[in-house]
Number of protein chains: 2
Amino acid sequence: MEDDTRQRLLDAAEALFAEHGFADTSLRAITARAKANLAAVNYHFGSKDELIRAVFARRLEPLTGERLARLAALEAGGRAVTVEEALAAFIEPSLRLRREGPHGERFTRLLGRGLIEIPDSLRELPRHHYGQLLERFQQILARTLPHLPPGELRWRLRFTLGVLSFTYIAASPRAAEADQIAGGEERLLQQLIRFLSAGLRAPELDADGAAAPDGRFQQVFDPSRGVVEKARHKI
Amino acid sequence: MEDDTRQRLLDAAEALFAEHGFADTSLRAITARAKANLAAVNYHFGSKDELIRAVFARRLEPLTGERLARLAALEAGGRAVTVEEALAAFIEPSLRLRREGPHGERFTRLLGRGLIEIPDSLRELPRHHYGQLLERFQQILARTLPHLPPGELRWRLRFTLGVLSFTYIAASPRAAEADQIAGGEERLLQQLIRFLSAGLRAPELDADGAAAPDGRFQQVFDPSRGVVEKARHKI
DNA sequence: CAGATAATCAAACGAATGTTTGAATGAGGG
DNA sequence: CCCTCATTCAAACATTCGTTTGATTATCTG
């Protein structure tokens, strides 16, 4: 029983944090679920904060490593990378983890929450785990989208993270299966890439505000040409 | 001083909840900030949960009302609505609130968090405040995007909410001003609409997986035609 | 002004929390 | 078997929390 108690604590914490958040999950709830003694948390992890750190590190370090490796492989390919490829490299490892089972789903829920809701005492975690990855991802996106000024790219990267965060949290694999018409869980990656690549590729805003939302122009889907700009018909 | 203490409590709670979350914000911290007595919370609101409810209701009821009115005005216009118009009607009131001052920014942060992190005892709040609005918005979107099957539309609506949630939380007006090239805060609505409308308008996934992320096709921006699908050059 | 109601106050209450402690038990090695 | 270290345990501790209570103060109205 080398690490059995430790693993059980991590599993229980992961599940309860994902469902109730960090502050609303007590150590007594975790240890009850893990069938362990309350003091085991302090013995194995030192403190609640360290337990939270360990829960993240357990799965996020391999995940981040994989994502970085995927992005590096893209860059080493010696050819221009498409937006779709960059997005797939960034997103697919996390969706695969999510599909591994209940633990994967729980962890990606935590991922989503951890981008938004992190206790004050653990504020370093996002930068620690994501800093390099996001930098790399942004660099690759910048190369695939040379028409975008840096500021606008930064905005769109934020939008992309918002989509991912919400996807991890708000949509379980069960919800994806319920949307049969959309093809269910296996199609989620493609749904995400379809949506995000279109948004990322959208033309830069003109300096004179040509994209004012007053309906003078709209993007429409023309089956022979794809998405194009078209003037509105006057009534 | 009719409602002065009550307003101070709401303001203090709003600020601290936005910064630290609900569970990590104690009533003693709120009352210290509001220069009020601890028991004032129970006198004016009854409980901490009711205070949370009141913080949301104070600004969300007018905001939701305005959003519904904007959407209703669109539908009453007697002509086809564009995606851009629907997005603007849904998003612009919240961005205006956000720009009113620090209180607006705090509240939209709360909005973003409230879509994701809500205490178990307050699980009814999202449906209570958003149910009708999101239904209405989805109906309007379905009409502007008739090429999308319902399941796929539901997914893209989730993605849209993720973008908004993250925008409210992760980007303050100060961050927007820092991105001068992107045009700062006044352009945020346009940035959002540009990104979201492109994503929403993206063609439906084909049943045979034509959008597989293997790089065979990519969407590219052709200045004369807009975003089109193009086969990759072979190396 | 007096009485009633509203609002505030300090203290107390009961519960919950994370951390610590020293004893007890388990495991491994000589 | 004994010793050492690792692990677990129950109890205690100090702190924090939301809620309640009864007294006090403030405000309003006739």
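Quick caveat: nothing in here was measured; it's all calculated off a predicted structure. Convention: sequence-line order gives letters A, B, ...; per-chain numbering from 1.
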**OP:** From the options A:Arg58, A:Arg109, A:Arg106, select the one residue that forms a side chain to side chain donor-acceptor pair (under 3.5 Å) with A:Glu14.
**Re:**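 With A:Glu14 as partner, side chain to side chain donor-acceptor pair (under 3.5 Å) holds for just one option, A:Arg58.
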Original post:
Which part of the nucleic acid does B:Thr25 contact within heavy-atom distance under 4.0 Å: base, sugar-phosphate only, or nothing?
Top reply: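 The answer is sugar-phosphate, as B:Thr25 gets under 4.0 Å only of primed atoms, P, OP1 or OP2.
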For [N] and [X] - does any side-chain N or O of the residue sit under 4.0 Å from the phosphate oxygens OP1/OP2?
X	N	value
B:Thr5	C:dA7	no
A:Asn42	C:dT19	yes
A:Asn37	D:dA10	yes
A:Ser26	C:dT17	yes

Original post:
In this structure, are over 12 heavy atoms from other groups packed under 6.0 Å from B:Arg127 atom CZ?
Top reply: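 Atom CZ in B:Arg127 is not packed in, count stays at 12 or less.
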Between [N] ([atom2]) and [X] ([atom1]): distance, integer Å:
X	N	atom1	atom2	result
A:Lys35	D:dC9	NZ	P	13 Å
B:Phe45	C:dT8	CZ	P	11 Å
B:Tyr43	D:dT27	OH	C1'	11 Å
B:His44	D:dT20	NE2	P	16 Å
A:Arg28	D:dT16	CZ	P	16 Å
B:Ile30	D:dT19	CD1	C1'	14 Å
A:Leu16	C:dG18	CG	P	12 Å
B:Leu9	C:dT8	CG	C1'	12 Å

Subject >> Donor-acceptor pair between B:Thr82 and B:Glu85 side chains, under 3.5 angstrom >> reply: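 B:Glu85 and B:Thr82 do have a side-chain donor-acceptor pair below 3.5 Å.
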Subject >> Pair A:Asp120-B:His20, side-chain donor/acceptor within less than 3.5 Å >> reply: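 Looking only at side-chain atoms, B:His20 and A:Asp120 do form a donor-acceptor pair, the distance falling under 3.5 Å.
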**OP:** Return the nearest nucleotide to the side chain of B:Lys48; candidates are C:dT19, D:dT21, D:dT19.
**Re:**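 Side chain of B:Lys48 sits closest to D:dT19.
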Subject >> Proximal nucleotide (of D:dG18, D:dA12, D:dT20) relative to the B:Ala39 side chain >> reply: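 Taking heavy atoms from C-beta onward, the closest nucleotide is D:dT20.
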Subject >> Inter-end axis angle, the helix from C:dC1-D:dG30 to C:dG30-D:dC1, with every axis fitted to five base pairs (rounded, 10 degrees) >> reply: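 Comparing the axis at each end, I get an angle of 10°.
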Original post:
5'-most contact on DNA chain C: A:Gly46 or B:Leu38, nearest heavy atom basis?
Top reply: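 It is B:Leu38 whose nearest nucleotide is closer to the 5' end.
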Subject >> Distance (rounded to the nearest 0.5 Å) between A:Glu92 CD and A:Arg70 CZ >> reply: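 CZ of A:Arg70 is found 5.0 Å from CD of A:Glu92.
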Subject >> Stepwise side-chain contact (heavy atoms from CB on, under 4.5 Å) test for B:Phe45 and B:Val55 >> reply: CA-CA 10 Å; B:Phe45 301 101; B:Val55 165; over 6 Å; no
**OP:** For the pair A:Phe137 and A:Phe90, name the ring-plane relationship: parallel under 30°, tilted 30 to 60°, perpendicular over 60°.
**Re:**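 Rings of A:Phe137 and A:Phe90: parallel, under 30°.
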